[in-house]
Amino acid sequence: VQLQASGGGLVQPGGSLRLSCAASGFRLDSRATGWFRQAPGKEREGVSCISSSSSDDRTYYADFVEGRFTISRDNAKNTVYLEMNSLKPEDTAVYYCATDLPGGSMWFKGYLFGSWGQGTQVTVSS
């Protein structure tokens, strides 16, 4: 099982980015998939997650998202996306995706996530 996050970059405040989480070795729609972030000197925190297809693709967001981000999944591409709009400097962090396969280490919205992929840096700065 491998997860690979991509799509990060440098963006001005108020700008947008779309992150992608591609998986190999298993079907993303068979498990919940989550996005997490970790800023320098801070603990990793949950951002958003989407349940499996069998659980109706329910979506969840951290309170700080405030309607700015949208999580989605393309089953044909076996990829989960995080569309981020109205970005703020405090959104600057390394963003990771993860799935709730057994052996997870971090709870978010009732799911225990692990199988961490390599992160992608998001920097929001003018």
Side-chain angles (χ1 to χ4, degrees):
V1 173
Q2 284 191 325
L3 297 177
Q4 179 65 54
S6 62
L10 173 63
V11 63
Q12 293 186 341
S16 299
L17 282 174
R18 187 177 78 160
L19 305 184
S20 299
C21 175
S24 59
F26 84 110
R27 295 290 310 172
L28 278 175
D29 59 359
S30 68
R31 311 293 308 193
T33 303
W35 283 100
F36 296 77
R37 69 185 188 183
Q38 188 165 18
K42 295 187 176 181
E43 294 186 350
R44 188 170 298 188
E45 61 182 352
V47 178
S48 179
C49 64
I50 183 168
S51 69
S52 65
S53 293
S54 63
S55 296
D56 301 325
D57 300 323
R58 288 189 293 265
T59 59
Y60 305 88
Y61 299 93
D63 291 343
F64 61 77
V65 168
E66 299 175 322
R68 300 179 297 128
F69 299 174
T70 302
I71 191 170
S72 63
R73 184 172 56 231
D74 185 330
N75 293 337
K77 295 183 178 180
N78 202 27
T79 300
V80 169
Y81 301 99
L82 184 68
E83 183 78 33
M84 305 189 295
N85 299 311
S86 301
L87 283 162
K88 306 174 182 180
E90 51 264 44
D91 294 317
T92 296
V94 178
Y95 283 69
Y96 301 87
C97 57
T99 184
D100 71 336
L101 285 168
S105 59
M106 185 168 181
W107 288 100
F108 181 64
K109 301 299 182 182
Y111 298 96
L112 185 60
F113 287 98
S115 302
W116 302 99
Q118 190 172 1
T120 185
Q121 176 71 48
V122 171
T123 303
V124 185
S125 175
S126 55

Novice: Around Q121, counting heavy atoms of other residues, nucleotides and ligands shown, do more than 12 lie under 6.0 Å from its CD?
Specialist: yes

Novice: If you draw a 6.0 Å radius around CD in E45, do more than 12 non-hydrogen atoms from other residues or ligands fall strictly inside?
Specialist: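 Atom CD in E45 is packed in, count exceeds 12.
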
Novice: Is the NZ atom of K77 crowded by more than 12 outside heavy atoms at less than 6.0 Å?
Specialist: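 For K77, atom NZ is not crowded (no more than 12 foreign heavy atoms under 6.0 Å).
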
Novice: Answer yes or no: is there a donor N or O on one side and an acceptor on the other, between the side chain of S51 and the main chain of A32, under 3.5 Å?
Specialist: no

Novice: Judged by atom type as modelled, is there a donor-acceptor pair below 3.5 Å linking the side chain of N78 to the main-chain atoms of L28?
Specialist: yes

Novice: Of all the heavy-atom pairs spanning K109 and C49, show the shortest one and how long it is.
Specialist: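 Reported closest heavy-atom pair: CB-SG, 4.0 Å.
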
Novice: Can you tell me how far the CZ atom of R31 sits from the OG atom of S54, to the nearest 0.5 Å?
Specialist: 9.0 Å

Novice: Please report the shortest heavy-atom distance between F113 and G34, naming the atom on each side.
Specialist: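 Nearest heavy atoms, F113 then G34: CE2-N, 3.3 Å.
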
Novice: Just grab all the ring pair (Phe, Tyr, Trp, His ring centres under 6.0 Å) pairs involving residues 46-79, residues at least two apart or on different chains.
Specialist: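 Found none.
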
Novice: Looking at F36, I'd like to know if the NZ or CZ of R44 sits under 6.0 Å from its six-membered ring centre while staying within 45 degrees of the ring's axis.
Specialist: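 Cation-pi check for R44 and F36: fails.
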
Novice: So T92 and V124, do their side chains get closer than 4.5 Å, heavy atoms only?
Specialist: yes

Novice: Could you pull out all donor-acceptor pairs under 3.5 Å where a side-chain atom in residues 19-27 meets a protein atom, sequence neighbours excluded?
Specialist:
{"unit_1": "R27", "atom_1": "NH2", "unit_2": "N75", "atom_2": "O", "d": "2.5"}

Novice: Other residues, nucleotides and ligands only: do more than 12 of their heavy atoms fall within 6.0 Å of CD on E43?
Specialist: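 Open.
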
Novice: Can you see whether T123 engages S125 through a side-chain donor-acceptor pair at a distance of less than 3.5 angstrom?
Specialist: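 Short answer, no.
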
Novice: Are the side chains of V122 and M84 in contact, using a 4.5 Å heavy-atom criterion?
Specialist: yes

